[in-house]
Amino acid sequence: MTRILRTAAAQLGPIARDEPRGSAVARMIALLEAADHKGCDLVAFPELALTTFFPRWFLEDQAEVDAFFETAMPNAATQPLFDRARELGMAFSFGYAELTGGSHYNTAIVVDKAGTIVNRYRKVHLPGHDDHQPWRPFQHLEKRYFTPSMDGFSAFETLGGTIGQAICNDRRWPETYREVALRGAEMILIGYNTPRHYPPAPEHDHLQDFHNHLSLQAGAYANGMWVVGVAKAGVEEGCDLIGGSCIVAPTGEIVAQAATLGDELVIADCDLDRCAEIRSNIFDFAQHRRPEMYSLIAAKD
């Protein structure tokens with residue numbers, strides 16, 4: 001018996017600073033409909049899928065910053081996406097900037113086939129800096145504009161399996177995958193916006209694609225779960241973003257990968273029962289983990 005979840009990583013090309021949300025949503029709906037024609041059950045969109053990656057600019061006017069955030073979900077701009085997905089009977093996920101209770105989060109949600117939000121995840125590992133650093137060709141001000149999650153990681157049941165979420169920089173931290181795996185996740189959905197140029201260490205620029213896949217593949221293999229990595233890619237407001245959207249099997253093998261830096265579907269039949277190939281063998285947590293030996297991993301000092 002197998003549990004096949006036909007999954008699409010829906011890579012998006014660049015979103016301009018002045019591109020209205022309705023335009024981004026229309027592109028997402030087009031990908032959703034294309035995925036439906038391919039028989040997909042789940043479509044995963046990137047981090048900050050509704051707007052350009054605004055943390056690349058130092059903005060002093062809070063009202064200007066807040067204009068990139070959503071105060072309700074769904075809202076007037078995104079309701080057509082929810083409606084179309086419900087009509088098609090398709091689940092989906094996407095990331096956006098969330099403003100709630102006075103706090104600003106880098107957030108991703110999963111919506112089931114009935115159009116109900118079944119999970120909301122807020123980014124744990126915020127990268128970058130919180131001060132203006134004019135020497136950079138572009139800023140990375142997530143620590144200025146977002147509040148780090150205090151909810152942590154979770155795994156939830158939907159679509160006949162158990163799914164977790166993470167966002168962009170989270171994928172570089174092994175703890176991310178292990179936390180959701182220990183909660184039973186069989187698949188993790190990870191959207192990202194990753195510049196090809198890294199100003200603090202430009203000697204690593206040529207490794208950006210390699211490090212992206214290395215993180216996703218290592219997380220998949222060491223935790224015996226499917227990993228869906230999906231990019232916003234291409235040259236966005238002068239910033240070159242990597243693509244490389246892919247779906248990784250629990251064995252660590254990339255089974256499907258994007259070929260462009262634009263709007264593109266990457267599709268794979270993900271058999272959730274394949275997680276047992278790893279979790280019942282080399283990474284059998286119950287038999288082989290030694291958590292009593294890992295005290296420094298969770299220590300604050």
Side-chain angles (χ1 to χ4, degrees), residues 1-7 9 41-42 44 93 108 110 118-119 121-127 148-192 207 209-230 244-257 266 268-301:
M1 181 129 184
T2 58
R3 290 177 296 141
I4 303 294
L5 188 61
R6 191 164 176 80
T7 303
D41 304 293
L42 171 65
S93 68
V110 172
V118 294
N119 194 65
Y121 168 77
R122 291 163 179 156
K123 192 171 183 177
V124 169
H125 299 102
L126 294 177
S149 171
M150 297 302 293
D151 302 321
F153 300 101
S154 64
F156 54 98
E157 294 185 6
T158 190
L159 301 170
T162 306
I163 293 178
Q165 290 181 274
I167 299 173
C168 198
N169 188 48
D170 289 328
R171 77 192 189 278
R172 303 185 188 276
W173 298 84
E175 295 88 345
T176 296
Y177 304 92
R178 184 54 51 89
E179 281 286 329
V180 298
L182 289 172
R183 287 166 169 77
E186 299 163 302
M187 173 182 284
I188 186 170
L189 310 176
I190 307 176
Y192 58 91
L207 296 171
D209 290 296
F210 167 69
H211 285 157
N212 176 43
H213 287 156
L214 175 67
S215 300
L216 299 173
Q217 291 177 263
Y221 171 59
N223 295 280
M225 64 181 174
W226 290 90
V227 174
V228 180
V230 56
S245 299
C246 63
I247 298 176
V248 186
T251 53
E253 301 165 278
I254 293 176
V255 296
Q257 182 176 331
V266 178
D269 288 323
C270 302
D271 182 358
L272 301 182
D273 287 334
R274 288 197 65 197
C275 297
E277 293 177 25
I278 303 299
R279 292 186 182 176
S280 297
N281 294 294
I282 192 165
F283 287 113
D284 185 325
F285 295 161
Q287 285 200 70
H288 305 310
R289 282 185 75 241
R290 297 286 309 283
E292 71 276 11
M293 305 303 294
Y294 312 149
S295 59
L296 288 180
I297 290 178
K300 293 184 178 180
D301 297 319

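Since we're looking at a predicted model, the values are computed, not measured. Just so you know, residue 1 is the first one in the sequence shown, and it goes up from there.
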For residues [X] and [Y], determine if any side-chain heavy atom of one lies less than 4.5 Å from a side-chain heavy atom of the other.
X	Y	value
V124	T176	no
W226	T7	no
Y121	L189	no

Ignoring hydrogens, what is the shortest heavy-atom contact between [X] and [Y]? Give both atom names and the distance.
X	Y	result
A276	N281	O-ND2, 3.9 Å
I190	C168	CG2-N, 3.8 Å
A44	V230	O-CG2, 3.5 Å

**Prompt:** Stepwise, does the side-chain contact (heavy atoms from CB on, under 4.5 Å) test hold for N119 with I163?
**Reply:** CA-CA 9 Å; N119 194 65; I163 293 178; over 6 Å; no
Rounded to the nearest 0.5 Å, what separation is found between the [atom1] atom of [X] and the [atom2] atom of [Y]?
X	Y	atom1	atom2	answer
L42	T158	CG	OG1	8.5 Å
I4	D41	CD1	CG	10.0 Å
M225	C275	CE	SG	8.5 Å
R122	M150	CZ	CE	12.0 Å
H288	F285	NE2	CZ	11.0 Å

**Request:** Output all residues satisfying salt bridge (charged side-chain N to carboxylate O under 4.0 Å, His left out) with R274, sequence neighbours left out; order by chain, then residue number.
**Result:** E277
**Counterpart residues, salt bridge (charged side-chain N to carboxylate O under 4.0 Å, His left out), relative to D269 (two or more places apart)** = R6
Show the atom names and distances, to 0.1 Å, of all donor-acceptor pairs under 3.5 Å that link a side chain in residues 177-186 to residues at least two apart or in another chain.
{"residue": "Y177", "atom": "OH", "partner": "R171", "partner atom": "O", "Å": "2.8"}
{"residue": "Y177", "atom": "OH", "partner": "S215", "partner atom": "O", "Å": "3.3"}
{"residue": "R178", "atom": "NE", "partner": "N223", "partner atom": "OD1", "Å": "2.6"}
{"residue": "R178", "atom": "NH2", "partner": "A222", "partner atom": "O", "Å": "2.8"}
{"residue": "R178", "atom": "NH2", "partner": "N223", "partner atom": "OD1", "Å": "3.4"}
{"residue": "E179", "atom": "OE1", "partner": "R183", "partner atom": "NH1", "Å": "2.4"}
{"residue": "R183", "atom": "NE", "partner": "F153", "partner atom": "O", "Å": "3.2"}
{"residue": "R183", "atom": "NH1", "partner": "E179", "partner atom": "O", "Å": "3.2"}
{"residue": "E186", "atom": "OE1", "partner": "R3", "partner atom": "NH1", "Å": "3.3"}
{"residue": "E186", "atom": "OE1", "partner": "T162", "partner atom": "N", "Å": "2.9"}
{"residue": "E186", "atom": "OE2", "partner": "R3", "partner atom": "NH1", "Å": "3.3"}
{"residue": "E186", "atom": "OE2", "partner": "R3", "partner atom": "NH2", "Å": "2.5"}

Side-chain donor-acceptor distances from residues 245-252 under 3.5 Å, at least two apart:
{"residue": "S245", "atom": "OG", "partner": "Q11", "partner atom": "OE1", "Å": "2.7"}
{"residue": "S245", "atom": "OG", "partner": "A231", "partner atom": "N", "Å": "2.8"}
{"residue": "T251", "atom": "OG1", "partner": "E253", "partner atom": "OE1", "Å": "2.5"}

**Item:** E175, CD: over 12 other non-hydrogen atoms inside 6.0 angstrom
**Value:** yes
**Request:** With sequence neighbours excluded, tell me which residues meet side-chain hydrogen bond (donor to acceptor under 3.5 Å, both in side chains) with D209.
**Result:** R196
**Item:** For N169, side-chain hydrogen bond (donor to acceptor under 3.5 Å, both in side chains) partners two or more places apart
**Value:** none
